[in-house]
Asks: 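First, the structure itself, so that you have it in front of you.
Atoms within each ligand, like the ligands themselves, are counted from 1 in listed order.
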Amino acid sequence: MTVITRFAPSPTGYLHIGGIRTAIFSWLYARKHEGRFILRIEDTDRERSTREAIDVILEGMGWLGLNADEGPVYQSQRFDRYREVIGQLLASGQAYYCTCSRERLESIREHAMQRGEKPRYDGHCRDRDAPGENAVIRFKNPQQGDVVVEDRIQGRVTFANRELDDLIIARSDGTPTYNLTVVVDDMDMHISHVIRGDDHLNNTPRQINILKALDATPPVYAHVPMILGPDGKKLSKRTGSASVLDYRDQGYLPEALLNYLVRLGWSHGDQEIFSIEELIDLFDIKNINKSAAALNPEKLLWLNQHYLARCDNVRLAGIVSGFMNDVNLADGPELTDLVEVQKQRTKTVLEIVEQSRCFYAEFDGFDPDAAKKHLRPVVQAPLAELHERLSDLNDWNETDLQSTIESVAAAHELKLGKLAQPLRVAVTGGPVSPSIDATLRLLGREKTLARLDKALEYIQKRASS
Ligand code: GLU
């Protein structure tokens with residue numbers, strides 16, 4: 001059997017990390033079995049589907065490297081086919097027109113609620129099958145027996161047909177509904193494995209019944225639990241974003257998010273770090289956890305740091321530069337050189353960006369707290385001497401920079417840190433930067449000396465005020 005999986009998002013908002021995790025699982029499963037992975041955009045709800053949401057899906061998948069073998073297939077372009085299948089179900093007596101009024105349906109609903117039951121359509125039109133104005137089309141669900149879903153994650157789940165009512169498969173304007181389009185597409189695309197969120201588990205018996213009515217073999221189903229926020233509750237912006245592209249914009253690398261999401265809810269022993277090749281090799285649906293997993297931002301950061309430190313400098317420089325449009329990158333060190341230093345000591349791309357602007361941007365003053373603490377009159381003389389020694393330094397390399405700083409510190413009987421930190425604030429404006437020798441090397445002589453001048457001016461002013 002050829003494995004064919006699919007990711008079938010509805011383009012009605014952002015790309016959810018829970019959704020993308022089912023896409024990753026589907027993609028991995030197809031790759032593992034040398035099968036095919038299809039991207040299907042479920043945009044039949046014309047009011048809620050937007051072009052922006054489609055672009056976000058494509059962008060997110062591209063960013064994570066989830067290439068599809070087919071698609072995007074747009075359901076909105078398959079209406080003729082859905083109509084054809086609905087016609088087929090009507091012709092074989094497995095679907096019927098229903099003209100029940102809204103009031104009637106509402107009263108059924110109210111009665112059910114009063115009895116504390118789930119509202120179900122009572123089959124009033126089932127044997128009348130009268131097309132009419134505003135008629136919807138309903139699927140004739142079997143009334144006896146059970147539907148058994150042998151879910152690869154949830155185990156066996158049995159639904160009694162008498163609990164399922166006759167589902168609307170076409171609205172009164174003729175447009176098909178979700179359960180019908182999913183079934184037609186899964187059938188036409190020969191989907192072998194449906195891996196999707198467990199919010200769809202309740203749709204599965206209905207979909208199986210329609211597939212059977214069409215003489216199609218149902219695919220294997222695997223319903224993946226949700227991702228919860230770090231507090232064990234529903235994910236919210238406040239506790240950890242649910243949007244894939246937010247993670248990109250917050251400076252996470254795609255391989256870190258992918259590794260994190262796979263591992264959250266799937267395991268292979270205690271292993272935490274997986275290359276894509278390893279995932280393809282090791283992934284199996286049966287090792288997906290049955291219970292919902294809570295997002296752990298610390299662990300994601302840890303993984304990001306891991307991948308950041310190993311990221312190719314040219315690639316990383318490309319990513320970092322995308323966040324630094326506000327400075328002129330020609331006015332500072334080679335970005336590849338800078339990221340080589342920064343990636344060893346930061347956790348996200350954004351952290352690199354924040355701590356790298358000072359190497360390029362016009363100097364826009366000192367961080368007030370850092371200046372107050374470190375640019376004090378006691379360091380005036382040593383900084384002045386450093387200025388002199390650094391102007392005369394022959395070769396601007398880390399070893400010579402370091403020994404110059406050390407010797408000035410010794411001459412003034414200062415511990416190295418007592419000079420290095422004021423120097424850091426002087427040349428970068430703030431208290432955080434790479435090691436002081438690397439910071440000066442990357443800044444270059446000109447910027448270093450000009451900023452030392454500014455720092456000395458600041459200290460002078462402070463001393464005289
Ligand atoms: N379009 C559905 C959704 O976004 C998914 C349908 C499916 O995977 O069967 O929730």
Asks: Aromatic contact between F7 and F37, with the criterion being ring centroids under 6.0 Å apart: yes or no?
Replies: no
Asks: Only one of N161, V157, N141 forms a side-chain contact (heavy atoms from CB on, under 4.5 Å) with V147, so which one is it?
Replies: N161
Asks: Consider only side-chain N and O atoms of H33 and S192, and report whether a donor and an acceptor are under 3.5 Å apart.
Replies: no
Asks: Compute both the distance and the angle, then confirm whether R138 meets the cation-pi test with Y121: under 6.0 Å from the six-membered ring centre, within 45 degrees of the axis.
Replies: yes
Asks: In terms of ring plane angle, is the pair F283 and Y29 parallel, tilted or perpendicular, where the classes change at 30° and 60°?
Replies: perpendicular
Asks: Pick from V353, L253, L300, N304: which one makes a side-chain contact (heavy atoms from CB on, under 4.5 Å) with T348?
Replies: N304
Asks: Are there any protein N or O atoms under 3.5 Å from the N or O atoms of ligand 1? List them with distances, or say none.
Replies:
from     : atom 1 : to   : atom 2 : distance (Å)
ligand 1 : 1 (N)  : A8   : O      : 2.7
ligand 1 : 1 (N)  : S10  : OG     : 2.9
ligand 1 : 1 (N)  : E42  : OE1    : 2.6
ligand 1 : 4 (O)  : S10  : N      : 3.1
ligand 1 : 4 (O)  : S10  : OG     : 3.2
ligand 1 : 8 (O)  : R6   : NH1    : 2.7
ligand 1 : 9 (O)  : R6   : NH1    : 3.4
ligand 1 : 9 (O)  : R6   : NH2    : 2.8
ligand 1 : 9 (O)  : Y178 : OH     : 3.2
ligand 1 : 9 (O)  : R196 : NH1    : 2.7
ligand 1 : 10 (O) : H200 : NE2    : 2.8

